[in-house]
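On a predicted model such as this, the values are computed, not experimentally measured, just so you know.
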Amino acid sequence: MAEDIGSTVPRRQLGRLLRQFRNEAGVTLDAAAEALEYSRQKIWRIECGLGPVRVLDVKAMCELYGVSAEMTEAMRGLAAETKSKGWWHAYGDAVPSWFELYVGLESAAAHLRRYDESLIPGLLQTREYALGLFHRGSRLSMEERERAVEVRMQRQALLTRRLPTPPRLEAALSEAVLRRPVGGASVMANQLSHLLETSELPNVSVRVVPLAAGPHPGAVAGSFVILDFPATKGGRAAPEPSVVYSESLTGALYLDKPDELAAYESTWKGVDALALGEAESRDVIKGIVGELRHD
């Protein structure tokens, strides 16, 4: 299951191409909707890569935009790929629609760079820590919580999958993340020990940004992930553009405009410069584990 990356990247590629050809043809969203007898929302969703696309719709849109027969055929092929399902679809409502896109992108990424200001990231959490994040009075039933945590555990398989090559994960964690108690001292000690174990994987780097670093760009930006994607096979098409993901309580931002990417690249460089080295970070984490074990 971890080897199935689903349809996320083909959907985004197809949507981006359709938007490009619509703009090049000088056709507005409203004009396209009227000519095709579609709702404006339908075309917007297709262009944003938010769902599977019918080959029939691609053909009609390509005809309207004057796309060449060769390119139309290639896009029809992409449309067929948008119907494949990733493993996360089996979990239904346990994966919110706004997060489903991220899970697909994460599965397809070659490189993940993330800064976390508040909590251990999902890819590095233990089951007990993940369960401890559900506060008392949560609207979710115990069964719903278990399913949500199971999705998180399944996501972690991408770090050790055989094919495709697992992504490189660079995690920079604020020291506050390591010291914020979740689920009690025992749960935290086990979580930090798990963090140390995972950091030994050849494709995983965990580094600590000490509180002594003071205010820095990451503290202003908050938690975020930069996802970079692999080159396409045979170099037949450009790689999927990098994306910045930033999550909130009720949704998420997916940023891929050049100026947005540049801002977060700059922020990452600032965080990277302040983070301790891997060995020193391990020593800090071990020290906190020791404190928790002896409390």
Exercise for review: Report the C-alpha distance between I226 and L112 in whole Å, list the side-chain angles of each, state the deciding distance to 0.1 Å, and finish with yes or no for side chain to side chain contact (heavy atoms under 4.5 Å, CB included).
Suggested key: CA-CA 6 Å; I226 303 174; L112 304 165; over 6 Å; no
Practice item. Could you walk me through whether Y245 and L227 pass the side chain to side chain contact (heavy atoms under 4.5 Å, CB included) test, one step at a time? Key: CA-CA 8 Å; Y245 173 81; L227 302 95; 4.1 Å; yes
Review point. Yes or no on side chain to side chain contact (heavy atoms under 4.5 Å, CB included) for R155 and Y102, after CA distance, side-chain angles and deciding distance?
Key: CA-CA 11 Å; R155 280 174 53 211; Y102 176 75; 3.9 Å; yes
Exercise for review: Applying side-chain hydrogen bond (donor to acceptor under 3.5 Å, both in side chains), run through Y129 and Q125 and close with a yes or a no.
Suggested key: CA-CA 6 Å; Y129 181 96; Q125 290 176 7; 5.5 Å; no
Check your understanding: Where do L195 and L178 land on the side chain to side chain contact (heavy atoms under 4.5 Å, CB included) test, with the steps shown first?
Key -> CA-CA 10 Å; L195 201 59; L178 310 177; 3.8 Å; yes
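Taking a cutoff of 4.0 Å between a charged side-chain nitrogen and a carboxylate oxygen, E150 and R127 qualify as a salt bridge. Between R114 and E170 there is no salt bridge, since no side-chain N of the basic residue sits under 4.0 Å from a carboxylate O of the acidic one. Salt-bridge check for R22 with E47: passed, with a basic side-chain N closer than 4.0 Å to an acidic carboxylate O. Salt bridge status for R12 with D256: present, with a side-chain N to carboxylate O gap under 4.0 Å.
The line from CG of L17 to CD of E24 is 9.5 Å long, rounded to the nearest 0.5 Å. To the nearest 0.5 angstrom, M75 atom CE is 13.0 Å from E81 atom CD. Note that NZ of K42 and CG of L29 are 13.0 Å apart. Values are rounded to the nearest 0.5 Å. Separating the OG atom in S193 from the CG atom in L292 is a distance of 9.0 Å, to the nearest 0.5 Å. The line from CG of L124 to CG of L196 is 11.0 Å long, rounded to the nearest 0.5 Å. Note that the OG atom of S199 and the CD1 atom of I285 stand 6.5 Å from one another [nearest 0.5 Å].
Closest approach of P166 to L158, counting heavy atoms only: CB-O, 3.2 Å. The nearest pair of heavy atoms linking A172 to V209 is CB-CG2, 4.3 Å. Across every non-hydrogen atom of P210 and L276, the tightest pair is CD-CG, 4.0 Å. Closest heavy-atom contact between A109 and P167: O-CB, 3.4 Å. When all heavy atoms are compared, the tightest approach of S281 to V208 is OG-N, 2.9 Å. Closest approach of L133 and L119 over heavy atoms only: CD2-CD2, 3.8 Å.
Residues that satisfy the side chain to side chain contact (heavy atoms under 4.5 Å, CB included) test with P241, not counting sequence neighbours, are R16. For E146, there are no side-chain hydrogen bond (donor to acceptor under 3.5 Å, both in side chains) partners at least two apart in sequence or on another chain. In this structure, E37 has no side chain to side chain contact (heavy atoms under 4.5 Å, CB included) partners at least two apart in sequence or on a different chain. For D259, there are no salt bridge (charged side-chain N to carboxylate O under 4.0 Å, His left out) partners two or more places apart in sequence or in a different chain. Taking R54 as the reference, D57 meet the side-chain hydrogen bond (donor to acceptor under 3.5 Å, both in side chains) condition, with sequence neighbours excluded.
Side chain of E240 to backbone of L105: no donor-acceptor contact under 3.5 angstrom is found. Side chain of R161 to backbone of S107: a donor-acceptor contact under 3.5 angstrom is found.
The shortest distance between side-chain heavy atoms of V243 and F229 falls below 4.5 Å. Counting heavy atoms from C-beta on, the side chains of L14 and V58 come closer than 4.5 Å.
Applying the salt bridge (charged side-chain N to carboxylate O under 4.0 Å, His left out) definition to pairs two or more places apart or across chains, those involving residues 196-211 are E200-R282, R207-D272. Sorted by first and then second residue, the pairs that involve residues 260-270 and meet side chain to side chain donor-acceptor pair (under 3.5 Å), not counting sequence neighbours, are R113-E265. Here ring pair (Phe, Tyr, Trp, His ring centres under 6.0 Å) pairs that include residues 21-57, with residues two or more places apart or in two chains, number zero. Counting only residues at least two apart or on different chains, the side chain to side chain donor-acceptor pair (under 3.5 Å) pairs with a member in residues 175-185 are E175-R179, R179-E291.
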Would you be so kind as to tabulate the donor-acceptor pairs closer than 3.5 Å made by side chains of residues 60-74, with sequence neighbours excluded?
from : atom 1 : to  : atom 2 : distance (Å)
E63  : OE2    : K59 : NZ     : 2.9
S68  : OG     : M71 : N      : 3.2
T72  : OG1    : S68 : O      : 2.8

Show me the side-chain donor-acceptor pairs of residues 216-224 shorter than 3.5 Å, one per line, residues at least two apart or across chains.
from : atom 1 : to   : atom 2 : distance (Å)
H216 : ND1    : G218 : N      : 3.1
H216 : ND1    : A219 : N      : 3.3
H216 : NE2    : Y115 : OH     : 3.4
S223 : OG     : E117 : N      : 2.9

If you look only at distance, which donor and acceptor atoms sit under 3.5 Å apart when one is on a side chain in residues 181-190 and the other is two or more places apart or in another chain?
from : atom 1 : to   : atom 2 : distance (Å)
N190 : ND2    : S186 : O      : 3.3

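When V206, T126, V177 are each tested for a side chain to side chain contact (heavy atoms under 4.5 Å, CB included) with I120, only one passes: V177.
Applying the 6.0 Å contact sphere to CD of E34 captures no more than 12 heavy atoms from other residues, nucleotides or ligands.
A side-chain N or O of E278 and one of S205 form a donor-acceptor pair less than 3.5 Å apart.
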